[in-house]
Amino acid sequence: MAAAAASPVRAQTILDLADAAQGEAPIARALRVAAAAGEDAVGLRAAPLGHLHAAALGFHTALAGPRLEAVVTCPACASAVEFALDADSLRGLGGAAASGDLTVSTEDGAWRVSWRVPTAGDLADVAGRADAATALLARCCDVTGPGGEDAALAPVEVVERIEAALAAADPLAEVAVGLECPECGAFFDADVDPIAFVWREVETRARRVLREVDVLARAYGWTEAEVLALPEQRRTAYLEIVREGA
């Protein structure tokens, strides 16, 4: 999906998002972010999960730029490992067909699978369930074993082939980056959650905006609405004046 030019995000939009999405599940938050960015949230809920992730990354670019920074723990030595990614490059990851068929040969015979990529709605509906992986497989795949067995009895190699097909069809649904620990040299994969990145940025920006409102309200007696109505550049200029006079 090609990256589109992003428009600056208004301070009021940031605060509204932080308030409305507080406590929501990740998919619901991402859909709310997409709606705030002018995307079709209803359509994204019914689209492959990678489309929603792309929308979230686009919002991150508009809010804070395309650079994604994170720190993970090395599984071998527990050291902190920093890494950075480019949101716009991730958004450019292309997907294959949204559905397909495959046949997996096992010692007991051939398993036939008709599959479609999971949507954001699928993930939202199974979230929190103890059998989420099994439930998702049942929603998105029609699996038939050599003796008529269903997906619940599919052997590991069949499940792995299904997962590989789904990952290839929607590469932005699950993103992992290969890292090397600078302390012990261990290689490992770190999961990248676009929704978590954008929500962390929304919360950070919301706190910053509230601090700006507090400073300018105290200095000039303005209401929150009057402060938020100022363009960011003008708000920043007033803040600099206040700091210079401190």
Side-chain angles (χ1 to χ4, degrees), residues 1-6 9 21 24-34 37 39 44 47-98 100 115 117-120 122-124 126-128 132-133 136-137 140 156-157 159-205:
M1 181 178 295
V9 181
E24 284 189 326
I27 296 294
R29 281 179 176 173
L31 290 170
R32 191 180 293 278
V33 165
E39 300 276 359
L44 283 173
L49 178 61
H51 291 202
L52 180 57
H53 283 171
L57 291 170
F59 190 84
H60 188 285
T61 295
L63 192 59
R67 185 176 175 83
L68 306 175
E69 299 179 339
V71 179
V72 296
T73 301
C74 172
C77 70
S79 296
V81 180
E82 300 178 358
F83 70 95
L85 297 171
D86 184 83
D88 291 340
S89 296
L90 288 177
R91 292 177 69 203
L93 292 175
W115 56 266
V117 294
T119 66
D122 290 325
L123 272 294
V126 304
L136 189 63
L137 186 67
C140 301
V156 173
E157 59 262 42
V159 175
E160 290 177 345
R161 282 285 301 278
I162 294 172
E163 291 174 344
L166 297 179
D170 191 16
L172 198 50
E174 293 186 16
V175 180
V177 57
L179 299 173
E180 180 182 4
C181 176
E183 295 297 325
C184 70
F187 291 92
F188 63 97
D189 289 336
D191 293 331
V192 176
D193 183 351
I195 296 174
F197 269 105
V198 73
W199 184 247
R200 182 179 65 185
E201 196 60 44
V202 166
E203 290 189 314
T204 299
R205 293 292 169 131

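Keep in mind that the numbers below use all heavy atoms, side chains included, and drop hydrogens, waters and symmetry copies.
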Task: Closest non-hydrogen atom pair between D170 and L49, with its separation - done: OD2-N, 3.4 Å

TODO: Search all heavy atoms of A124 against all heavy atoms of I27 and return the closest pair with its distance.
DONE: CB-CG2, 3.8 Å

Task: Nearest heavy atoms of L172 and H53, plus distance in Å - done: O-ND1, 2.8 Å

Task: Least distance between heavy atoms, R29 atom then A21 atom - done: NE-O, 3.1 Å

Using residues 71-86 as the side-chain source, report each donor-acceptor pair under 3.5 Å to any protein atom, sequence neighbours left out, with the distance given to one decimal.
from : atom 1 : to  : atom 2 : distance (Å)
D86  : OD2    : D88 : N      : 3.2
D86  : OD2    : S89 : N      : 2.8
D86  : OD2    : S89 : OG     : 3.0

Open item on the list: Considering only residues two or more places apart or on different chains, which pairs with a residue in residues 195-205 satisfy salt bridge (Lys or Arg N to Asp or Glu O under 4.0 Å)?
Closed with: E201-R205

Open item on the list: For a quick test of reading the model, state the closest non-hydrogen atom pair linking L57 to L90 and the distance between them.
Closed with: CD1-CB, 3.8 Å

Task: CG on L166 to CH2 on W115, rounded to 0.5 Å - done: 6.0 Å

Task: Distance-minimising heavy-atom pair for L52 and L44 - done: N-CD2, 4.0 Å

Can you give me every donor-acceptor pair (side chain of residues 174-184, partner residue at least two apart or in another chain, under 3.5 Å) with its distance?
none

Task: Spacing of CG belonging to L123 relative to CD1 belonging to I195, to within rounding of 0.5 Å - done: 8.0 Å

TODO: Could you grab the distance from atom CZ of F59 to atom CZ of R32, nearest 0.5 Å is fine?
DONE: 12.0 Å

Open item on the list: Under a 3.5 Å distance rule, please check whether H60 uses its side chain to pair with a backbone N or O of G65 as donor and acceptor.
Closed with: yes

